[in-house]
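This report concerns only the one structure given below.
Below, chain A is the first sequence line, B the second, and so on; all start at residue 1. Hydrogens, waters and symmetry mates are skipped; everything else that's a heavy atom, side chains included, is used.
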Number of protein chains: 2
Amino acid sequence: MESLDSFLVQTFARNLKRLRSKAGMSQEELALKSGLDRTYVSGCERGVRNPSLVSVEKVASALGVRVEELFVGAS
Amino acid sequence: MESLDSFLVQTFARNLKRLRSKAGMSQEELALKSGLDRTYVSGCERGVRNPSLVSVEKVASALGVRVEELFVGAS
DNA sequence: CTGTGACTTTCAGTCCGTC
DNA sequence: CGACGGACTGAAAGTCACA
């Protein structure tokens, strides 16, 4: 699948990957904790998914970070 | 329609309304500038819509604010 | 452990209105 | 000007087998 050309989506993707790694979690663990599918998390990190706020909230909660953290670098 | 029970959606709703008012724009003007539908903007402000990141990016751009501003108060 | 294509179901997002 | 409803279309949500 092709990655989306939205700057916000790509920023979210990078931060998600960064924060998940920092937390020492695998995509699979994050998926489990957030109640999302492993392949969906994968798609979000690659910037090929355009998640809704409800999905954003789920991963932020699972990572134990504030939502703003997932958007750092978005101007 | 019923309002969503997502904290992030409600936070976004409040901030959107606040920032739009501050900018002195009507919902219709914001809709036009962002390329979204008038009724959709209304739904977002009432917290009955669950926007995607692409839509969030559109309204932030139209309002001339950083994305983080739309999530102020979300912990 | 992660990427990916294909797929079905649900809902984001539009457009027509009324009050 | 804004809340709200109905009907619609395209895209997001959610899942799977396989690389």
Say whether [X] and [Y] are linked into one hydrophobic cluster, either directly or through other cluster members, by side-chain heavy-atom distances under 4.5 angstrom.
X        : Y        : answer
Leu32(A) : Leu63(A) : no
Leu16(A) : Val48(A) : no
Leu4(B)  : Leu70(B) : yes

Q.
Tell me whether the side-chain N/O atoms of Lys17(B) come closer than 4.0 Å to OP1 or OP2 in dA3(D).
A.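 So the side-chain polar atoms of Lys17(B) do come within 4.0 Å of the phosphate oxygens OP1 or OP2 of dA3(D), strictly under.
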d([atom1], [X]; [atom2], [N]) in whole Å:
X        : N       : atom1 : atom2 : value
Glu29(B) : dC1(D)  : CD    : C1'   : 10 Å
Glu45(B) : dG2(D)  : CD    : C1'   : 9 Å
Glu2(A)  : dA12(D) : CD    : P     : 13 Å
Met25(A) : dC1(C)  : CE    : P     : 12 Å
Glu28(A) : dT15(D) : CD    : C1'   : 14 Å

Q.
Is it the case that the side chain of Gln27(B) and the backbone of Thr39(B) share a donor-acceptor pair, with hydrogens and angles ignored and the cut-off at 3.5 Å?
A.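 No; judged by distance alone, with no hydrogens or angles, the pair does not exist.
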Q. If the sugar-phosphate is the primed atoms plus P, OP1 and OP2 and the base is the rest, what is the B/S/- string for nucleotides 12-19 of chain C, using protein heavy atoms under 4.0 Å?
A. BBBBBB--
Q: Considering non-hydrogen atoms only, spot the tightest contact between Tyr40(B) and Pro51(B) and give its length.
A: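 Closest pair (atom of Tyr40(B), atom of Pro51(B), distance): OH-CA, 3.4 Å.
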